[in-house]
Amino acid sequence: MKDNIKRSWAEPYKMKMVELLKMTTPAQRKKALREAGYNTFLLRSEDVYIDLLTDSGTSAMSDRQWAGMMMGDEAYAGSRNFYHLEEVVKNVYGYKYLIPTHQGRGAENILSRILIRKGDIIPGNMYFTTTRLHQELAGGKFEDIIIDEAHDPENEFPFKGNVDLDKLEKLIKKYGAKRIPYVSIATSVNMAGGQPISMKNLEELRALTKKHGIRIIHDMTRVAENAYFIKEKEKGYSNKSIKEIVKEICSYTDGATMSAKKDALVNIGGFLAINDRDTFEEARNLVVVYEGLHTYGGLAGRDMEAMAIGIGESVCDDHIRARVGQVIYLGEKMTGLGVPIVMPIGGHGIFVNAKKFLPHIPQDDFPAQTLAAEVYLESGVRTMERGIVSAGRKSNGENYYPRLELVRFTIPRRVYTQAHMDVIAESAARVYERRNKIKGLKMAYEPKYLRFFQARFTKL
Ligand SMILES: *Cc1c(COP(=O)(O)O)cnc(C)c1O
């Protein structure tokens with residue numbers, strides 16, 4: 001029988017408890033936005049209707065995770081929840097040794113301190129803010145080896161997270177393998193718009209690094225979302241489960257840092273996982289200095305329990321299909337309404353191309369910052385600037401002028417409904433309709449570090 005009816009991505013859960021949201025009027029939003037200096041980071045969450053600032057720590061936990069919270073074993077040493085988490089990490093991801101940390105950057109700090117020596121080079125598939133900073137603080141230098149396609153918002157290549165192996169070989173030739181402690185590989189590359197890396201590319205990368213005796217460290221913050229794209233788009237994987245694909249991805253790497261606030265469906269938590277015994281012993285020593293004892297690493301027992309359960313839920317096929325399905329639903333709806341977005345649609349959010357949306361606003365007048373403010377004003381939807389404000393200044397004081405001037409609509413997991421997605425797309429479309437009347441912004445206050453968090457603006 002022919003099957004012509006579209007199969008939807010409906011949620012594999014139902015609601016047991018809801019959190020009431022405040023609906024605001026245009027006048028209230030206008031006032032709130034002015035008080036926030038036209039910076040969505042400075043809005044009070046109370047004044048936000050749909051919050052798409054980030055997918056970090058904003059997921060909804062399941063009833064099982066909440067039940068797990070009640071089973072926290074808050075012993076200082078050897079908590080039962082630690083052993084549960086250790087077993088889950090071994091079973092689901094295949095890494096041998098586990099060090100819990102308070103969140104992803106805690107693991108990055110410890111790992112960077114152990115593996116990086118002054119003058120080392122760390123190649124990676126595009127930088128991430130905290131990851132690169134810890135590599136630099138340890139004396140290393142990050143080198144981007146992602147394929148060129150990743151820097152082009154309109155290129156539709158399905159695996160824009162791939163490593164350009166030629167770029168890596170050139171680095172090895174130039175610096176020698178001894179100065180490269182590891183290659184830093186992210187699955188679902190955040191800064192490229194949640195773009196996946198292919199299994200084939202990982203396999204080839206493993207072969208190349210093995211030849212030179214170089215480790216691969218995996219930023220596995222969104223590994224399950226990456227696995228979904230491999231299942232959907234890579235030859236030979238459509239019949240494999242997300243669980244199998246996740247384990248295979250991890251098998252090509254030597255260790256990982258994890259921000260469990262993303263894929264793993266918890267509000268706080270992370271870990272370092274590693275296969276090599278010596279590195280593990282050193283990490284177990286260092287974690288005591290920066291995080292806490294090696295069986296809690298800055299977390300309560302209940303947090304580790306919720307994480308252990310969340311990891312199991314995160315690699316279920318039904319969950320991830322609905323998770324990414326919702327993001328794709330929003331992206332397709334926006335595209336259908338004419339809103340220009342980064343293609344292909346990634347795993348954790350929609351990135352609107354502000355340069356194309358507001359072509360009459362020069363980059364110096366902050367088009368993405370302006371657009372994020374206008375979307376909030378329209379409907380109370382909070383998004384985030386990823387453009388010239390986020391890029392900051394060079395050491396000589398000049399602004400960076402990034403090629404990508406984007407507004408990120410990040411989707412928390414299991415939090416919003418399809419009707420919310422419709423409201424979001426329609427808000428963006430309504431702003432798009434009146435785009436010609438929109439004027440840019442002027443920066444009124446500029447903090448010295450990471451200015452996007454606290455900068456204030458006035459209307460031009
Ligand atoms: C969020 C994130 C991190 C850092 O994790 P935190 O839990 O915020 O410290 C590292 N890498 C990627 C790709 C992330 O998205």
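Reckoned from all heavy atoms, side chains included, excluding hydrogens, waters and symmetry mates. The first residue in the sequence is number 1, and the count goes up from there. We count ligands from 1, going down the list as the structure has it; atoms in each ligand are counted the same way.
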If you count every heavy atom of other residues, nucleotides or ligands that lies below 6.0 Å from R44 atom CZ, does the total exceed 12?
no
At the 4.0 Å heavy-atom cut-off, does E108 count as touching ligand 1?
yes
No-hydrogen, no-angle side-chain donor-acceptor test under 3.5 Å, E248 and Y237:
yes
From the options T130, T54, T257, select the one whose nearest heavy atom is closest to atom 4 (C) of ligand 1.
T130
Run the numbers for me: atoms of ligand 1, each under 4.0 Å from some heavy atom of N190, listed by number.
15 (O)
Do the ring planes of H420 and Y416 sit parallel (below 30°), tilted (30 to 60°) or perpendicular (above 60°)?
perpendicular
Looking only at protein heavy atoms, which one is nearest to atom 13 (C) of ligand 1, and how far off is it?
D219 OD2, 3.3 Å
Flag for Q418-Q326: side-chain donor and acceptor within less than 3.5 Å
no
In terms of side-chain geometry, is the basic nitrogen of K167 or D148 positioned less than 4.0 Å from the acidic oxygen of its partner?
yes
R382-Y49 side chain donor-acceptor pair, cut-off 3.5 Å
no
Just need the protein heavy atom nearest to atom 7 (O) of ligand 1, so name the residue and atom and give the distance.
S259 OG, 2.6 Å
With no hydrogens and no angle check, do the side chains of H84 and D73 hold a donor and an acceptor under 3.5 Å apart?
no
Starting from atom 1 (C) of ligand 1, what is the nearest protein heavy atom, named by residue and atom, and what distance separates them?
K262 NZ, 1.4 Å
To check your reading of the model: name the closest protein heavy atom to atom 3 (C) of ligand 1, its residue, and the distance in Å.
F128 CE2, 3.4 Å
Atoms in ligand 1 with a heavy atom of T221 nearer than 4.0 Å:
11 (N), 12 (C), 14 (C), 15 (O)
Sub-3.5 Å N/O-N/O distance, G104 and ligand 1:
yes
Once the angle between the rings of W9 and Y329 is folded into 0 to 90°, is it parallel (under 30°), tilted (30 to 60°) or perpendicular (over 60°)?
tilted
For S56 and ligand 1, does the shortest N/O to N/O distance drop below 3.5 Å?
no
Among H134, R105, H102, K261, closest by any non-hydrogen atom to atom 8 (O) of ligand 1
R105
Among protein heavy atoms, which lies nearest atom 6 (P) of ligand 1, and at what distance?
Q103 NE2, 3.3 Å
